[in-house]
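Structure, as structure tokens:
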Amino acid sequence: QVQLVESGGGLVQAGGSLRLSCAASIRTFSMYHMGWFRQAPGKEREFVAAISQSGDRTYNVDSVKGRFTISRDNAKNTVYLQLNSLKPEDTAVYYCTADRRWPPVTSSSEVAYWGQGTQVTVSS
């Protein structure tokens with residue numbers, strides 16, 4: 001059974017930073033590629049970033065390149081998403097995902113496991 005619990009969301013001004021965490025209850029965490037999706041009000045859930053099992057490969061959507069960084073700590077069963085230079089359009093619920101396929105799954109309908117989400121609100 002896979003359980004994912006996100007934390008770290010909140011309200012921040014434009015240009016600010018947040019660090020999201022996702023604690024995974026997975027016995028074989030290092031065998032899963034991990035990712036983040038987000039869903040803004042009235043919009044479809046979209047892929048943001050993914051990281052490979054060992055952390056040696058990452059993949060980000062173009063809109064967050066240079067601003068968001070995904071990382072993981074396999075010893076702590078945790079994946080992170082560092083959000084820098086935040087913009088109001090980054091406002092969304094951010095979801096942690098786990099999957100064993102690479103290249104990363106970028107379609108929300110194909111993701112194997114989801115967390116419950118954490119709200120990020122960026123004020124202008």
Side-chain angles (χ1 to χ4, degrees):
Q1 186 175 0
V2 174
Q3 290 187 323
L4 306 172
V5 180
E6 301 95 333
S7 61
L11 174 63
V12 64
Q13 289 187 331
S17 298
L18 284 173
R19 188 194 196 198
L20 308 183
S21 299
C22 171
S25 297
I26 309 175
R27 190 171 61 181
T28 55
F29 179 72
S30 62
M31 294 180 67
Y32 284 81
H33 308 296
M34 303 298 293
W36 291 89
F37 280 66
R38 66 183 179 184
Q39 187 166 21
K43 294 188 177 182
E44 293 186 353
R45 199 168 293 190
E46 66 172 355
F47 170 80
V48 176
I51 188 165
S52 62
Q53 296 161 327
S54 65
D56 62 334
R57 293 169 289 173
T58 62
Y59 180 69
N60 293 348
V61 68
D62 286 346
S63 60
V64 306
K65 283 183 179 177
R67 299 190 301 122
F68 294 4
T69 303
I70 188 170
S71 62
R72 66 189 294 163
D73 185 337
N74 285 351
K76 296 182 178 179
N77 280 22
T78 301
V79 62
Y80 305 96
L81 187 66
Q82 178 68 42
L83 315 176
N84 295 331
S85 302
L86 282 161
K87 305 175 181 180
E89 52 264 41
D90 295 317
T91 294
V93 177
Y94 284 71
Y95 297 90
C96 177
T97 64
D99 204 283
R100 297 188 67 171
R101 291 166 288 180
W102 194 274
V105 173
T106 59
S107 171
S108 61
S109 63
E110 297 179 11
V111 170
Y113 301 101
W114 293 94
Q116 85 289 348
T118 185
Q119 176 71 49
V120 171
T121 303
V122 185
S123 63
S124 57

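All residue numbers in this chain count up from 1 along the given sequence. Quick caveat, the model's predicted, so the values are computed rather than measured.
Here the CG atom belonging to Leu11 is positioned 9.5 Å from the CD atom belonging to Gln119, to the nearest 0.5 angstrom. Considering CD of Gln53 and CZ of Arg72, their distance stands at 7.5 Å, rounded to 0.5 Å. Here the OH atom belonging to Tyr113 is positioned 9.0 Å from the CD atom belonging to Gln1, to the nearest 0.5 angstrom.
For the pair Gln3 (side chain) and Ser25 (backbone), a donor-acceptor distance under 3.5 Å is absent. No donor-acceptor pair under 3.5 Å is formed between the side chain of Thr58 and the backbone N or O of Ile51. Remark: the backbone N or O of Pro104 is not paired with any side-chain donor or acceptor of Asp99 at under 3.5 angstrom. The closest donor-acceptor contact from the side chain of Glu6 to the backbone of Gly117 lies under 3.5 Å.
With respect to the salt-bridge test (charged N to carboxylate O, under 4.0 angstrom), the residues Asp90 and Lys87 do not qualify.
Between Val2 and Trp114 the shortest side-chain heavy-atom distance does not fall below 4.5 Å. Side-chain contact between Leu4 and Ile26: present, with at least one pair of heavy atoms (C-beta onward) separated by less than 4.5 Å.
No continuous path of ILVMFWY side-chain contacts below 4.5 Å connects Tyr80 to Val93, so the two sit in separate hydrophobic clusters.
Aromatic ring centres of Tyr59 and Trp102: separated by at least 6.0 Å.
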